[in-house]
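First the structure, in the form of structure tokens, and then the observations on it.
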Amino acid sequence: AAVSDPETTNFAAALDPFEAILLDTETTTNKETPERPLEVVELAWFPLGKTAATSGFRSLYKPTMPCTFGATAVHHILPEDLLDKRPSAQAPKDLPRAQYWIGHNIDFDWKALGQPNVKRICTLALSRSLWPKLDAHTLSAMIYFTLGANEETRKRLRNAHSALADCEFVLDLLGVITAKTGVTDLAMLWELSEEARIPKVWTFGKFKDQPINAADRGYAMWCNKQPDFDPYYIVALKRAGLLR
């Protein structure tokens with residue numbers, strides 16, 4: 001049966017390792033800062049090849065700092081929901097061993113959970129790469145796009161931003177992605193995801209909305225010197241011949 005709000009902290013240790021899990025978190029803030037690091041208030045996952053109904057894990061956690069109003073507007077988890085929950089620091093202990101994590105903007109969840117050594121397959125990056133002309137690539141937008149803008153889809157999406165529901169939506173989207181690409185092997189899917197992460201167009205700065213090679217060498221060198229600059233942009237700049 002599905003597991004919810006475990007009382008023990010060694011739950012994951014008793015699990016057999018999985019090749020891949022679908023994973024999602026809800027957190028105290030939508031944007032990490034030095035003053036306000038990400039803290040998990042909800043974690044959900046289930047193994048690829050299983051279902052949330054039979055193998056799903058979900059738990060709430062109590063953070064050290066309250067959720068921002070922006071984050072609360074996304075997940076609708078209230079302070080009173082978390083009063084008797086285990087500390088947020090326990091969330092990583094509720095993860096099974098897995099070679100791959102699959103999620104929509106999975107890097108956000110990965111950072112919130114301590115950046116463990118796992119391979120990440122990002123359905124957001126894949127969606128942006130496969131359907132670049134869509135006006136939005138949020139998980140809800142992709143579900144409307146892939147399943148249809150109809151009453152049945154709307155009913156399902158009313159549970160969006162519940163972490164376990166979002167894992168199920170990611171599985172639906174993953175099925176469409178693998179059907180479109182013909183890729184079903186996880187190693188190949190990870191390579192496709194990694195390639196999809198490398199930007200072709202600037203999404204910020206003075207070259208916004210222009211191709212990567214529109215930048216000059218001076219700007220490329222400045223980007224390369226920034227300690228927290230997106231490493232996938234650095235790859236794109238090297239491919240464009242603007243960095244060695």
Side-chain angles (χ1 to χ4, degrees), residues 1-7 11-12 18 20-32 38-63 66-88 90-96 98 101-113 120-124 127 136-176:
V3 178
S4 180
D5 292 331
E7 296 180 357
F11 169 77
F18 299 111
I21 59 172
L22 296 115
L23 182 145
D24 188 59
T25 63
E26 302 298 341
T27 59
T28 51
T29 179
N30 297 328
K31 185 176 182 180
E32 184 176 27
L38 293 174
E39 291 186 83
V40 175
V41 294
E42 184 181 14
L43 166 66
W45 58 263
F46 64 89
L48 185 64
K50 305 289 186 179
T51 68
T54 60
S55 303
F57 172 91
R58 173 187 177 270
S59 185
L60 295 174
Y61 304 90
K62 184 178 180 179
C67 295
T68 64
F69 291 114
T72 303
V74 171
H75 53 59
H76 303 291
I77 298 172
L78 304 178
E80 62 193 63
D81 298 327
L82 308 174
L83 289 177
D84 61 345
K85 303 306 179 184
R86 293 177 296 132
S88 181
Q90 296 292 327
K93 298 181 181 180
D94 290 332
L95 289 164
W101 286 7
I102 305 171
H104 209 70
N105 194 18
I106 190 64
D107 286 0
F108 182 87
D109 308 293
W110 175 72
K111 288 179 181 178
L113 290 165
R120 306 179 304 281
I121 295 173
C122 183
T123 54
L124 174 60
S127 296
H137 296 90
T138 64
L139 184 55
S140 293
M142 293 309 302
I143 293 302
Y144 270 123
F145 171 67
T146 56
L147 299 185
N150 52 54
E151 180 61 24
E152 182 179 354
T153 304
R154 181 168 68 177
K155 285 181 179 178
R156 287 194 62 196
L157 283 169
R158 283 184 175 153
N159 286 325
H161 297 299
S162 163
L164 198 55
D166 282 356
C167 289
E168 293 178 322
F169 294 140
V170 168
L171 183 61
D172 289 337
L173 178 57
L174 189 67
V176 176

Give the C-alpha distance, both sets of side-chain angles, the deciding distance and a yes or no for side chain to side chain contact (heavy atoms under 4.5 Å, CB included) between I77 and C67.
CA-CA 9 Å; I77 298 172; C67 295; 5.7 Å; no
Between I121 and I106, does a side chain to side chain contact (heavy atoms under 4.5 Å, CB included) hold up when you go through it step by step?
CA-CA 7 Å; I121 295 173; I106 190 64; over 6 Å; no
Side chain to side chain contact (heavy atoms under 4.5 Å, CB included) between L43 and L95, worked out:
CA-CA 9 Å; L43 166 66; L95 289 164; 4.1 Å; yes
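With hydrogens and angles ignored, the 3.5 Å screen pairs no side-chain donor or acceptor of T25 with any backbone N or O of E42. H104 contributes a side-chain N or O that, together with a main-chain N or O of H137, makes up a donor-acceptor pair within less than 3.5 Å. Remark: side-chain polar atoms of T153 are paired, donor with acceptor, to backbone N or O of G148 under 3.5 angstrom.
The nearest pair of heavy atoms linking L113 to A91 is CD2-CB, 4.0 Å. In terms of heavy atoms, L164 sits closest to A44 at N-CB, 3.4 Å. Residues P63 and T28 come closest through the heavy atom pair CB-CG2, 3.5 Å. Taking both residues in full, the closest heavy atoms of D81 and H76 are given as OD2-O, 4.2 Å, listed atom of the first, atom of the second, then distance. The nearest pair of heavy atoms linking D24 to C167 is N-SG, 3.6 Å. Minimum heavy-atom separation, C122 to N105: SG-N, 3.5 Å.
Taking OG from S140 and CG from D166, the interatomic distance works out to 7.0 Å, rounded to the nearest 0.5 Å. Of the inter-residue distances, the one linking L38 atom CG with W110 atom CH2 reads 12.0 Å to the nearest 0.5 angstrom. For the atom pair CG of L83 and CD of E80, the computed distance is 7.5 Å after rounding to the nearest 0.5 Å. With rounding to the nearest 0.5 angstrom, the CD atom of E32 is 10.0 Å from the CD atom of E39. Taken to the nearest 0.5 Å, the CG atom of L173 stands 4.5 Å off from the OG atom of S127. How far CD of E168 is from OG1 of T51: 8.0 Å, rounded to the nearest 0.5 Å.
Within the 4.5 Å cutoff, the side chain of S59 has heavy atoms near those of the R86 side chain. Residues P96 and I21 meet the side-chain proximity criterion, which asks for heavy atoms closer than 4.5 Å. The side-chain heavy atoms of R156 and D172, taken from C-beta on, include a pair separated by under 4.5 Å. Counting heavy atoms from C-beta on, the side chains of L174 and L48 come closer than 4.5 Å. Residues F145 and V176 form no side-chain contact, since every pair of their non-hydrogen atoms from C-beta on lies 4.5 Å or further apart.
Residue E152 places its CD atom among 12 or fewer non-hydrogen atoms of other residues, nucleotides or ligands, all under 6.0 Å distant.
Shown are F18, W45, F46; of these, the ring-ring contact (aromatic ring centres under 6.0 Å, His included) with F57 is made only by W45.
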